[in-house]
Amino acid sequence: MTVQELPGAAAYRPTPPPAWKPLTDPAPLLPDPEPYRVLGTDAVADADPELLLRLYAELVRGRRYNAQATALTKQGRLAVYPSSTGQEACEIAAASVLEEQDWLFPSYRDTLAAVARGLDPVEALTLLRGDRHTGYDPREHRIAPLCTPLATQLPHAVGLAHAARLKGDDVVALAMVGDGGTSEGDFHEALNFAAVWRAPVVFLVQNNGFAISVPLAKQTAAPSLAHKAVGYGMPGRLVDGNDVAAVHQVLGEAVARARSGGGPTLVEAVTYRMDAHTNADDATRYRVDSEVEVWRAHDPIQLLERELTGRGLLGDEAIEEARAAAERMAAALRERMNADPVLEPMDLFAHVYAEQTAQLREQAARLRVELNAELDQHGQDDVEEGR
């Protein structure tokens, strides 16, 4: 039996009802075919020289921070460190476009963004050295906890941004994620809710080419990750992730749009992970050195330094001053990280729930008994050794 032979077929209408028509014109939402650039183009003439100099100093500092944190893993002071070397332009720009009341939602690779937002470098690394919860107070710094599970921070960012909008608070959330995170269900759920609610949130995808060892081509067949925005009803922007001026401009526009009630934006920054996924990874197993060298020629620090020196805005003295400041930061970080933290085992049970559960109370009591027994044993040993 065909559709036309069914009872009531005369009322059948093959044309979808009006509710099925597109809610949004897709054309304005589509990203540019090529990543947006500022450095080396005519657009650089409109860039603020003072801003570019500040961004340069932050890039140099960020590169040294990455190098020092990586060295700390080799010294046993950090359990693991996911370096953002090569991605500093994304990290610095993300932090610098936010106002004090805004929130940053980083992934595990975004410790540099947290530091650039003002977080103490030692506190940013506390979690990675196996120390206390998070390592910092998220409310004090308006930085959500560093997130190791892929993309789970994205729905959190949307929830906070939506709640702020309902309360009338002037708050924008900027959520950072890698290209691998876009393959997670949390990515879909976050973008869908953000667009439907018109939440004041900006999604920054750092497309560094690999989800650990999986290249982007094995994750998606989309023209770009920025194109995914159209399916949710938000603008997608494609930007050169190593051009700090371009990333700063695009993110700044997205934050301003969100703050004014325009809703969310998905920004894809095309960059490259110069170091391995973490210090525990062997990147030579899935990429060749020649590929890395091509990206070294597009280094974010070199791009900006070339632009500033060519325009006479940056001289040798200023370059050395930026490097010296970065070295002072690294020396202070190294000294403080070389000091063993004083740990309180009972802190394991703090800041888990507002009111401890019966199970936590039981576990805490058991640990307290074990600690007291160990203390008594050590005391007895000391007495015997003194005899």
Side-chain angles (χ1 to χ4, degrees), residues 16 18-44 46-47 87 89-90 93-94 97 151 154-155 157-158 161 172-209 211 215-272 298:
W20 286 25
K21 291 183 178 179
L23 301 178
T24 307
D25 179 7
L29 306 181
L30 288 169
D32 295 331
E34 294 292 330
Y36 177 69
R37 296 180 175 89
V38 169
L39 301 178
T41 72
D42 293 339
V44 76
D46 298 326
Q87 302 177 215
C90 299
V97 297
L154 304 186
V158 175
V172 173
L174 193 155
M176 306 176 71
V177 68
D179 50 287
T182 65
S183 298
E184 297 289 329
D186 300 75
F187 175 82
H188 158 75
E189 293 154 5
L191 268 68
N192 195 55
F193 274 120
V196 170
W197 290 338
R198 296 182 67 82
V201 60
V202 176
F203 301 98
L204 171 60
V205 178
Q206 295 181 81
N207 177 6
N208 63 24
L216 183 66
K218 291 188 176 182
Q219 293 186 69
T220 181
S224 74
L225 296 175
H227 277 80
K228 293 179 181 289
V230 182
Y232 299 100
M234 69 178 72
R237 298 294 306 275
L238 186 62
V239 62
D240 183 342
N242 287 17
D243 182 337
V244 68
V247 181
H248 188 279
Q249 178 182 330
V250 170
L251 287 180
E253 292 170 354
V255 168
R257 179 176 181 274
R259 197 181 305 281
S260 65
T265 302
L266 173 64
V267 177
E268 176 190 354
V270 182
T271 183
Y272 195 78
H298 198 63

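Note that the numbering runs from 1 along the sequence shown for the chain.
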Engineer: Kindly give the heavy-atom pair with the smallest separation between Pro26 and Val230, and that separation in Å.
Structural biologist: CB-CG1, 3.9 Å
Engineer: Between Glu253 and Gln249, does a side-chain contact (heavy atoms from CB on, under 4.5 Å) hold up when you go through it step by step?
Structural biologist: CA-CA 6 Å; Glu253 292 170 354; Gln249 178 182 330; 3.2 Å; yes
Engineer: So which atom in Ala94 and which in Leu174 form the shortest heavy-atom distance, rounded to 0.1 Å?
Structural biologist: O-CD1, 3.9 Å
Engineer: Show the nearest heavy-atom pair for residues Val247 and Ala93, with the distance to one decimal.
Structural biologist: CG1-CB, 3.6 Å
Engineer: Around Phe193, counting heavy atoms of other residues, nucleotides and ligands shown, do more than 12 lie under 6.0 Å from its CZ?
Structural biologist: no
Engineer: Quick one: does Val97's side chain get under 4.5 Å of His248's, heavy atoms only?
Structural biologist: yes
Engineer: List the steps and the verdict of side-chain contact (heavy atoms from CB on, under 4.5 Å) for Leu154 and Glu184.
Structural biologist: CA-CA 10 Å; Leu154 304 186; Glu184 297 289 329; over 6 Å; no
Engineer: Compute whether any side-chain donor of one residue and acceptor of the other, for Asn208 and Thr271, lie under 3.5 angstrom apart.
Structural biologist: no
Engineer: With sequence neighbours left out, write down each residue that passes side-chain contact (heavy atoms from CB on, under 4.5 Å) with Thr182, or none if nothing qualifies.
Structural biologist: Phe187, Val205, Leu225
Engineer: Mind checking what makes ring-ring contact (aromatic ring centres under 6.0 Å, His included) contact with His188, not counting sequence neighbours?
Structural biologist: Tyr232
Engineer: Would you mind reporting whether Phe203 and Val158 have side-chain heavy atoms less than 4.5 Å apart?
Structural biologist: yes
Engineer: To check you understand the geometry: which heavy-atom pair defines the closest contact between Cys90 and Leu204, and what is its length?
Structural biologist: O-CD2, 4.1 Å
Engineer: Could you grab the distance from atom CG of Asp46 to atom OG1 of Thr41, nearest 0.5 Å is fine?
Structural biologist: 9.0 Å
Engineer: Which atom pair, heavy atoms only, marks the closest approach of Thr265 to Arg237?
Structural biologist: CG2-CG, 4.1 Å
Engineer: Taking only residues at least two apart or on different chains, which pairs with a member in residues 186-197 satisfy salt bridge (Lys or Arg N to Asp or Glu O under 4.0 Å)?
Structural biologist: none
Engineer: Could Arg37 and Asp243 be called an ion pair, given the rule that one side-chain N must be under 4.0 Å from one carboxylate O?
Structural biologist: no
Engineer: Which atom names give the shortest non-hydrogen contact between Ala229 and Pro235, and what distance separates them?
Structural biologist: CB-O, 3.5 Å
Engineer: Output the distance between atom CG (Leu238) and atom CG (Leu30), rounded to the nearest 0.5 Å.
Structural biologist: 11.5 Å
Engineer: Go through Asp179 and Gln219 one step at a time and tell me if the side-chain contact (heavy atoms from CB on, under 4.5 Å) criterion holds.
Structural biologist: CA-CA 9 Å; Asp179 50 287; Gln219 293 186 69; 3.1 Å; yes
Engineer: Supply the atom-to-atom distance Arg198 CZ to Met234 CE, rounded to the nearest 0.5 angstrom.
Structural biologist: 10.5 Å
Engineer: What I'd like to find out is whether the side chain of Pro31 reaches to under 4.5 Å of the side chain of His227, using heavy atoms alone.
Structural biologist: yes
